[in-house]
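Shown next, in structure tokens, is the structure this report addresses.
Scope of the values below: all heavy atoms of this structure, side chains included, with no hydrogens, waters or symmetry mates.
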Amino acid sequence: MKIMDGKTSPTIEELEKKNAQLENQMKTLELKVQWYEEQFRLAQQKRFGVSSEKTDENQLTLQLFNEAEISSSVLLAEPTMETINYTRKKIGGRAEKLKDLPVETIHYYLSDAEKVCLACNHELHEMSHQTRQELKVVPAQVKVVEHVQHIYSCRHCEKHAITTPIVKAKMPNPVIPKGLASPSAIAFVMTQKFADGLPLYRQEKQLERMGIPLNRQTLSNWMISSTTRWLRPFYDFLHRQLLQEELLHADETSLQVLDEPGKTAQSKSYMWLYRTSSVTKKPMVLFDYRANRSSKNPKDFLKGYEGYLNVDGYAGYESLENVELAGCWAHARRKFDEALKALKSPSSSSTRSTIAKKGLNFCNQLFAIERKIKKLDAKERLKIRQKDSQPVLDAYLAWLHEQKEIIAPQSATGKAITYSLNQWHKLTTFMKDGRIEIDNNRAERSIKPFVIGRKNWLFAVSTSGANSSAIIYSLVETAKENGLNPFFYLQFLFEELPQLDMTADLNLEHLMPWSKELPKDCYIQKKK
């Protein structure tokens, strides 16, 4: 520090130090502004833009690498004129669409007085006919079914014996004792809400228009009572079947429960989903309601399970024992897709734009390979993965480490790079078994009906209602996975289960959605 005219002036070293501090502050502020701009553009895109993550190949035409083995590993053949020409997807004709529907035929004839030729007054004869087809919709009809049980006794014993034997005709047990609910009524209410997303208050209005005074509380009681009494043991049987699989998928989403002990109505609860893979012979989709997102939840539900589990990047699955996690390449790809959308001009040649495109292209190469080997058996898939996918993975990992030193970690592109590096041990699990899928889209598709339904009914009132919803969603989605009509399958279960002793350790295999003993009416299409 120098003193001039009684005043102190900073030295060159101090000025340089101050300048360096200001430059660091400016870089930090620039990064913050850049992050806020990315978040704003991404929010705008999510709100107003196209939700599809499909890649525009014209925007991502890049010279990725010079390694010959990488360029030679791309399996897709060069397109010919035949492969790129547009062809309209063939759709079945009207007769094919209507072949399974009952037909009501109405004939229109001339009266005898009208069968007179206007030119010569001679009698007309029928030379041909023409047919017009229409779809006739018959609204849901409700009627009261009276079950009259006839009771018999012996006249002789009434006159001569001390006791009189009484014999009752057999009558099926009801779903809800002393209640109005029939198997078809409960199945209808459940299907309306959990397959079609129609809340109970709308069903109440619908029934009111049909002249049926049933309020939503009664409908809710029907569902909770029948689920607790009959579907819960059935769900537990499905759960035990699920744990015997070797490959599973898992996902979770939030749920609001208004009356949950120890929590406010605004707090989040969670609906967890576990489902079978594409190679199973017993397709199952099970929902599990929990009060939180703790890692204890999948640990409890999957207790005793040993195998592979496809998941997203949530760390809660890491604590599972005897389970190897398989990561989701769709999530890794989505990070780069979002990074591109967050950029001011995704088509520009800026450093961040080029890097995001390269990361996206790596993921696209892996998905291109998977599309080509989709129909092969597991052993063949694994061989091709080792030959073609492994070089892409090796190059991608090396590229990630290089870019990590260049890109700011808080930027959208930096987060995409960090995600792949942090998830690498899970993202490469699919290389161990040809049956493992490269992404967790199967679980995301299965949980989507719940997410869509939640937009309609918004919340669950109580924990018993949330548990009931989890069980019913499980049976509805499992029925759909097995090609069944949820309404007719639920009706069948409510006809059969009350006739069984559910307290006993029953074998319910004959009622399972993949059973060959199910009635033909349960199937969406007639079983071949």
Side-chain angles (χ1 to χ4, degrees), residues 85-150 169 171-172 175 180-214 219 449 456 476 479-480 482-496 513 516-528:
N85 281 344
Y86 171 78
T87 55
R88 183 181 296 275
K89 184 178 179 181
K90 292 184 177 180
I91 302 176
R94 177 181 294 183
E96 182 67 21
K97 293 178 183 178
L98 307 180
K99 67 177 184 179
D100 295 326
L101 295 178
V103 177
E104 174 186 341
T105 304
I106 303 176
H107 292 273
Y108 300 91
Y109 299 100
L110 290 177
S111 64
D112 291 338
E114 293 172 319
K115 292 180 182 179
V116 178
C117 178
L118 298 177
C120 65
N121 291 330
H122 284 77
E123 184 180 359
L124 299 177
H125 74 280
E126 183 177 347
M127 57 174 288
S128 66
H129 66 271
Q130 61 184 20
T131 302
R132 183 185 81 228
Q133 287 187 322
E134 297 175 342
L135 282 177
K136 179 179 179 180
V137 177
V138 180
Q141 297 179 348
V142 180
K143 59 183 177 181
V144 176
V145 177
E146 291 185 345
H147 294 269
V148 180
Q149 185 178 33
H150 293 271
M171 183 172 67
V175 182
L180 282 174
S182 68
S184 62
I186 298 178
F188 179 77
V189 173
M190 287 182 173
T191 306
Q192 288 269 88
K193 179 174 180 179
F194 297 102
D196 302 328
L198 193 66
L200 293 184
Y201 76 89
R202 294 185 193 170
Q203 294 194 50
E204 179 184 359
K205 295 297 182 182
Q206 185 184 63
L207 291 169
E208 185 180 324
R209 291 193 296 270
M210 298 166 65
I212 306 165
L214 288 175
L219 301 180
N456 290 296
V476 167
K480 288 157 64 175
N482 286 272
L484 302 179
N485 183 313
F487 167 74
F488 288 112
Y489 183 58
L490 287 171
Q491 177 181 275
F492 170 71
L493 291 181
F494 287 128
E495 289 171 349
E496 297 295 322
K516 295 181 180 179
E517 300 179 31
L518 297 180
K520 291 183 179 179
D521 291 343
C522 288
Y523 292 89
I524 294 176
Q525 294 180 348
K526 291 184 178 180
K527 194 173 181 181
K528 294 182 180 179

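- The two residues M190 and L490 come nearest to each other via the heavy atoms CB-CD1, 4.0 Å.
- When all heavy atoms are compared, the tightest approach of V476 to F194 is CG1-O, 4.1 Å.
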What do the steps show when you test N456 against R202 for side chain to side chain contact (heavy atoms under 4.5 Å, CB included), and what is the final call?
-> CA-CA 10 Å; N456 290 296; R202 294 185 193 170; 3.8 Å; yes
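- For L219 against E204, the heavy-atom pair with the smallest separation is CD1-N, 4.4 Å.
- In this structure, CD on E114 lies 14.5 Å from OH on Y109, to the nearest 0.5 angstrom.
- Atom NZ of residue K143 and atom OG of residue S182 lie 11.0 Å apart, to the nearest 0.5 angstrom.
- Side-chain contact between L101 and L135: present, with at least one pair of heavy atoms (C-beta onward) separated by less than 4.5 Å.
- Nearest heavy-atom pair, Q133 versus L98, reported as atom, atom and distance to 0.1 Å: OE1-CD1, 3.7 Å.
- Within 6.0 Å of atom CD1 in I212, more than 12 heavy atoms from other residues, nucleotides or ligands are found, so the atom counts as buried in its surroundings.
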Verdict with supporting geometry, Y523 and L518, side chain to side chain contact (heavy atoms under 4.5 Å, CB included) | CA-CA 9 Å; Y523 292 89; L518 297 180; 4.2 Å; yes
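- If you take CD on Q130 and OH on Y108, they are separated by 12.0 Å, rounding to the nearest 0.5 Å.
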Does the side chain to side chain contact (heavy atoms under 4.5 Å, CB included) test come out yes or no for L200 and V189, once each step is laid out?
-> CA-CA 8 Å; L200 293 184; V189 173; 3.9 Å; yes
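- Using a 4.5 Å cut-off on side-chain heavy atoms (C-beta onward), F494 and S184 make no contact.
- Residue Q149 places its CD atom among more than 12 non-hydrogen atoms of other residues, nucleotides or ligands, all under 6.0 Å distant.
- The CZ atom of F188 sits 5.0 Å away from the CD atom of Q206 when rounded to the nearest 0.5 Å.
- Summarising the geometry of Y489 relative to C522, their closest heavy-atom pair is CA-SG, 4.1 Å, with the distance given to 0.1 Å.
- Distance check: Q141 CD to M210 CE gives 8.0 Å after rounding to the nearest 0.5 Å.
- Between the CZ atom of R132 and the CD1 atom of I106 there is a distance of 9.0 Å, given to the nearest 0.5 Å.
- The backbone N or O of F487 sits less than 3.5 Å from a side-chain atom of N485, completing a donor-acceptor pair.
- The two atoms that bring A479 and P486 nearest to each other are CB-CA, 4.3 Å, heavy atoms only.
- Distance alone, capped at 3.5 Å, is enough to place a donor-acceptor pair between the Q203 side chain and the L198 backbone.
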